[in-house]
Amino acid sequence: MGVLPSQRLRALIAEDVIAAEPALGQGQVQPASVDLRLGSFAVRVRASFLAGRGRTVEERLPDFEMHRFDLAPGAVLEKGCVYLVPLMERLALPPELDGAANAKSSTGRLDLLTRTICDGGVEFDRIPPGYQGPLWAEICPRSFSVLVRPGMRLNQLRLREGEARLSDGDLRALHARVPLVQGAEGVIDDGLGFSVDLAGSGRVGWRAKPHAGVIDLDRLGHYAPRAFWEEIHAEEGRIILDPGAFYILMSREAVTIPPNHAAEMAPYLAMVGEFRVHYAGFFDPGFGHGDHGAGSRGVLEVRCHEAPFALEHGQVVGRLLYERMTAVPDALYGAGIASNYQGQGLKLSKHFAEP
């Protein structure tokens with residue numbers, strides 16, 4: 001039981017359990033997930049919604065649709081608006097498999113809220129066991145308007161067989177065998193606690209500028225960071241989060257995901273502060289692994305809610321939930337595949353040039 005690895009995902013593609021038109025490409029299969037591609041058109045909707053039990057997304061669209069438009073020539077999704085885009089992939093899952101989706105790392109680092117919905121769905125980013133049908137991406141640009149085209153990959157899908165998540169006891173045992181965290185205590189309580197690094201007098205983060213231009217998601221290493229972001233410096237290990245603002249910060253811990261495990265970042269309890277951390281939650285097998293046990297830092301995507309909040313160095317802001325793999329993937333994160341964030345520091349999305 002556990003998360004399916006890349007070789008199993010390719011077998012399911014060959015069996016049309018995961019099907020698409022046009023066919024899926026090899027580059028879509030990651031160590032523990034499949035990248036999902038935007039379809040040919042987008043629908044501007046007046047509100048986010050779920051299909052609900054016994055209903056399809058198509059049936060619900062007339063209640064919310066404002067207009068639809070072609071993505072083929074490239075189209076701008078405007079900041080503050082909500083869109084639905086059909087995905088090229090569809091599923092025919094057997095009863096023993098269910099799915100979880102999440103935004104890709106570069107998607108989350110642009111504050112591009114992207115969630116997957118399905119027919120009959122009652123939760124975002126969750127695909128029920130045995131699901132047969134299409135998938136849709138709900139996209140809401142929060143900080144920057146973006147230019148998109150068909151085939152772009154903003155979200156990804158993991159498939160699971162049975163119970164995959166490690167209990168705290170299992171996680172402690174794994175940590176004793178393979179140190180999962182460097183640079184901090186490694187607090188295990190409903191997952192591995194993640195804290196924020198606000199030490200030092202230099203740049204500790206970035207805050208999105210409120211009136212920046214459009215980002216073409218096909219342009220990599222192209223944009224000057226300071227045209228879209230402003231640097232954040234801490235005072236005595238503290239920053240004040242502004243309501244409605246979006247921040248890129250870094251974890252104090254360097255973490256390791258062993259090859260036979262995967263992980264997902266979950267928000268910390270809402271009671272600890274007026275903010276949410278991490279829209280892009282998947283950590284692949286091999287993340288931070290193999291670099292002499294040094295691990296890799298996690299980048300934290302932080303949005304403040306209703307009230308200003310004082311965030312302190314070392315404050316726990318998220319949880320890393322570890323899951324078993326059914327087998328070790330035949331390609332690990334950072335090992336012979338295009339992994340943009342292995343060994344990362346305080347890094348913006350791949351669309352930006354180095355500052």
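These values consider heavy atoms only, across backbone and side chains, with no hydrogens, waters or symmetry-generated copies. Since the structure is predicted, the reported quantities are computational estimates derived from the model, not experimental observations.
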* Salt-bridge present (Glu354, Arg226; N to O < 4.0 Å) -> no
* To do: Please report the C-alpha distance between Arg160 and Met1 in whole Å, then the side-chain angles of each, then the deciding distance to 0.1 Å, and finally whether the side chain to side chain contact (heavy atoms under 4.5 Å, CB included) criterion is met.
  => CA-CA 8 Å; Arg160 299 183 176 97; Met1 295 192 296; over 6 Å; no
* For the pair Gln7 (side chain) and Asp330 (backbone), establish whether a donor and an acceptor sit closer than 3.5 Å, ignoring hydrogens and angles. => yes
* To do: State, with a plain yes or no, whether a side-chain heavy atom of Asp242 is found less than 4.5 Å away from one of Tyr247.
  => yes
* Structure fact -> The reported gap from CG in Asp35 to CD in Gln156 (rounded to nearest 0.5 angstrom) is 6.0 Å
* Asked: Hey, does the side chain of His351 reach the backbone of Arg219 with a donor-acceptor pair shorter than 3.5 angstrom?
  -> no
* Taking all atoms of both residues into account, what is the closest heavy-atom pair of Leu348 and Ile248, and its distance? -> CD2-CG1, 4.1 Å
* Whether Tyr223 side chain and Asp216 backbone form a donor-acceptor pair below 3.5 Å -> yes
* **Verdict with reasoning, Asn155 to Thr116, per side chain to side chain donor-acceptor pair (under 3.5 Å)** => CA-CA 8 Å; Asn155 51 351; Thr116 303; 2.8 Å; yes
* Test the Arg319-Phe194 pair against the cation-pi criterion, namely NZ or CZ under 6.0 angstrom from the six-membered ring centroid and within 45° of the ring axis. => no
* To do: Check whether any side-chain heavy atom of Cys118 sits under 4.5 Å from a side-chain heavy atom of Val57, and report yes or no.
  => no
* Sub-4.5 Å side-chain heavy-atom contact between Val34 and Leu24 -> yes
* To do: Take Glu89 and Gln28 through the side chain to side chain donor-acceptor pair (under 3.5 Å) test and state the conclusion after the steps.
  => CA-CA 11 Å; Glu89 288 72 30; Gln28 288 181 249; 3.1 Å; yes
* To do: Using modelled atom types only, decide if a donor and an acceptor are shared between the side chain of Arg37 and the backbone of Met152 within a distance under 3.5 Å.
  => no
* To do: Measure from the side-chain N and O atoms of Asp125 to the backbone N and O of Arg115, and report whether any donor-acceptor pair falls under 3.5 Å.
  => no
* Asked: Side chains of Glu231 and His233: do they bring a donor and an acceptor to under 3.5 Å?
  -> yes
* In sequence, state the C-alpha distance, the side-chain angles, and the governing distance for Leu50 and Phe124, and then conclude on side chain to side chain contact (heavy atoms under 4.5 Å, CB included). => CA-CA 7 Å; Leu50 290 163; Phe124 291 107; 3.8 Å; yes
* Could you tell me which non-hydrogen atom of Glu59 sits nearest to which non-hydrogen atom of Gly54, and how far apart they are? => OE1-O, 4.2 Å
* Taking all atoms of both residues into account, what is the closest heavy-atom pair of Ser33 and Asp284, and its distance? -> OG-OD1, 4.4 Å
* Within a strict 4.5 Å, meaning less than it, do heavy atoms of the Phe282 and Glu264 side chains meet? -> yes
* To do: Walk me through it: do Ser6 and Gln30 pass the test side chain to side chain donor-acceptor pair (under 3.5 Å)?
  => CA-CA 6 Å; Ser6 47; Gln30 305 302 326; over 6 Å; no
* **Ser48 versus Glu138, side-chain donor and acceptor atoms under 3.5 Å** => yes
* Within 45° cone and under 6.0 Å: Arg303 NZ/CZ vs Phe246 ring -> no
* Asked: Can Glu21 and Arg90 be said to form a salt bridge (Lys or Arg N to Asp or Glu O under 4.0 Å), step by step?
  -> CA-CA 9 Å; Glu21 181 60 43; Arg90 59 182 297 116; over 6 Å; no
* Got a second to check how far Met325's CE is from Glu161's CD, nearest 0.5 Å? -> 12.0 Å
* Asked: Stepwise, does the salt bridge (Lys or Arg N to Asp or Glu O under 4.0 Å) test hold for Arg165 with Asp170?
  -> CA-CA 9 Å; Arg165 183 179 165 186; Asp170 292 335; over 6 Å; no
* Asked: Are a donor atom and an acceptor atom from the side chains of Ser143 and Asp111 found within less than 3.5 Å of each other?
  -> yes
* **Exam field: side chain Thr114 to backbone Leu112, donor-acceptor pair closer than 3.5 Å** => yes
* Asked: If two hydrophobic side chains count as joined below 4.5 Å and joins carry through other members, does Leu249 share a cluster with Met265?
  -> yes
* Asked: Taking side chain as C-beta onward, heavy atoms only, is Arg297 less than 4.5 Å from Asp197?
  -> yes
* Asked: If we only count heavy atoms from C-beta on, is the Val316 to Val187 side-chain gap below 4.5 Å?
  -> no
* To do: Measure centre to centre between the rings of Trp229 and Phe144, then say whether the value is under 6.0 Å.
  => yes
* To do: Applying side chain to side chain contact (heavy atoms under 4.5 Å, CB included), run through Arg44 and Val82 and close with a yes or a no.
  => CA-CA 6 Å; Arg44 168 79 192 280; Val82 183; 5.7 Å; no
* Asked: Would a distance-only check, ignoring hydrogens and angles, find a side-chain to backbone donor-acceptor pair under 3.5 Å from Lys79 to Pro210?
  -> yes
* **Distance in Å, Leu77 CG paired with Ile139 CD1, rounded so as to fall on 0.5 Å steps** => 5.5 Å
* Asked: So if you build clusters from Ile, Leu, Val, Met, Phe, Trp, Tyr with side-chain heavy-atom gaps below 4.5 Å, do Leu38 and Phe69 land together?
  -> yes
* Out of curiosity, Arg252 CZ to Leu198 CG, how far, rounded to the nearest 0.5 Å? -> 10.5 Å
* Asked: Relative to each other, are the rings of Phe64 and Phe49 parallel, tilted or perpendicular (30° and 60° limits)?
  -> parallel
* Verdict with reasoning, Arg172 to Asp189, per salt bridge (Lys or Arg N to Asp or Glu O under 4.0 Å) -> CA-CA 10 Å; Arg172 291 188 186 96; Asp189 182 10; over 6 Å; no
* To do: May I ask you to test the Cys140-Tyr83 pair for a side-chain heavy-atom distance under 4.5 Å?
  => no
* Asked: Is there a chain of hydrophobic side chains (I, L, V, M, F, W, Y, each step under 4.5 Å between heavy atoms) that links Val299 to Leu321?
  -> no
* To do: Determine, step by step, whether His67 and Glu65 satisfy the side chain to side chain donor-acceptor pair (under 3.5 Å) criterion, reporting the C-alpha distance in whole Å, the side-chain angles of both residues, the deciding distance to 0.1 Å, and the verdict.
  => CA-CA 6 Å; His67 65 94; Glu65 180 172 345; over 6 Å; no
* To do: Specify the closest pair of heavy atoms between Met250 and Leu346, including all atoms of both residues, with the distance to one decimal.
  => SD-N, 3.4 Å
* Asked: Out of curiosity, does Tyr131 fall in the hydrophobic cluster containing Ile18 (side-chain heavy atoms, cut-off under 4.5 Å, transitive links)?
  -> yes
* To do: Step by step, work out the side chain to side chain contact (heavy atoms under 4.5 Å, CB included) result for Leu9 and Leu159.
  => CA-CA 8 Å; Leu9 294 172; Leu159 295 179; 4.2 Å; yes
* Asked: What is the distance from atom CG of Asp70 to atom CZ of Arg149, rounded to the nearest 0.5 Å?
  -> 12.5 Å
* Asked: Which atoms form the tightest heavy-atom contact between Ile127 and Leu135, and what is the distance?
  -> CD1-CD2, 3.8 Å
* Asked: To the nearest 0.5 Å, what is the distance between CG (Leu87) and CZ (Arg153)?
  -> 13.0 Å
* Hey, does the side chain of Glu253 reach the backbone of Ser195 with a donor-acceptor pair shorter than 3.5 angstrom? -> yes
* Close side-chain approach of Tyr333 and Pro285, heavy atoms under 4.5 Å -> no
* Structure fact -> Heavy-atom nearest pair, Arg55 first then Ala51, reads CB-O, 3.2 Å
* Does the Tyr322 side chain pair with the main chain of Ser167, one donor and one acceptor, at a distance under 3.5 Å? -> no
* Asked: Would you find a donor on one side and an acceptor on the other, under 3.5 Å apart, between the side chain of His313 and the backbone of Gly237?
  -> no
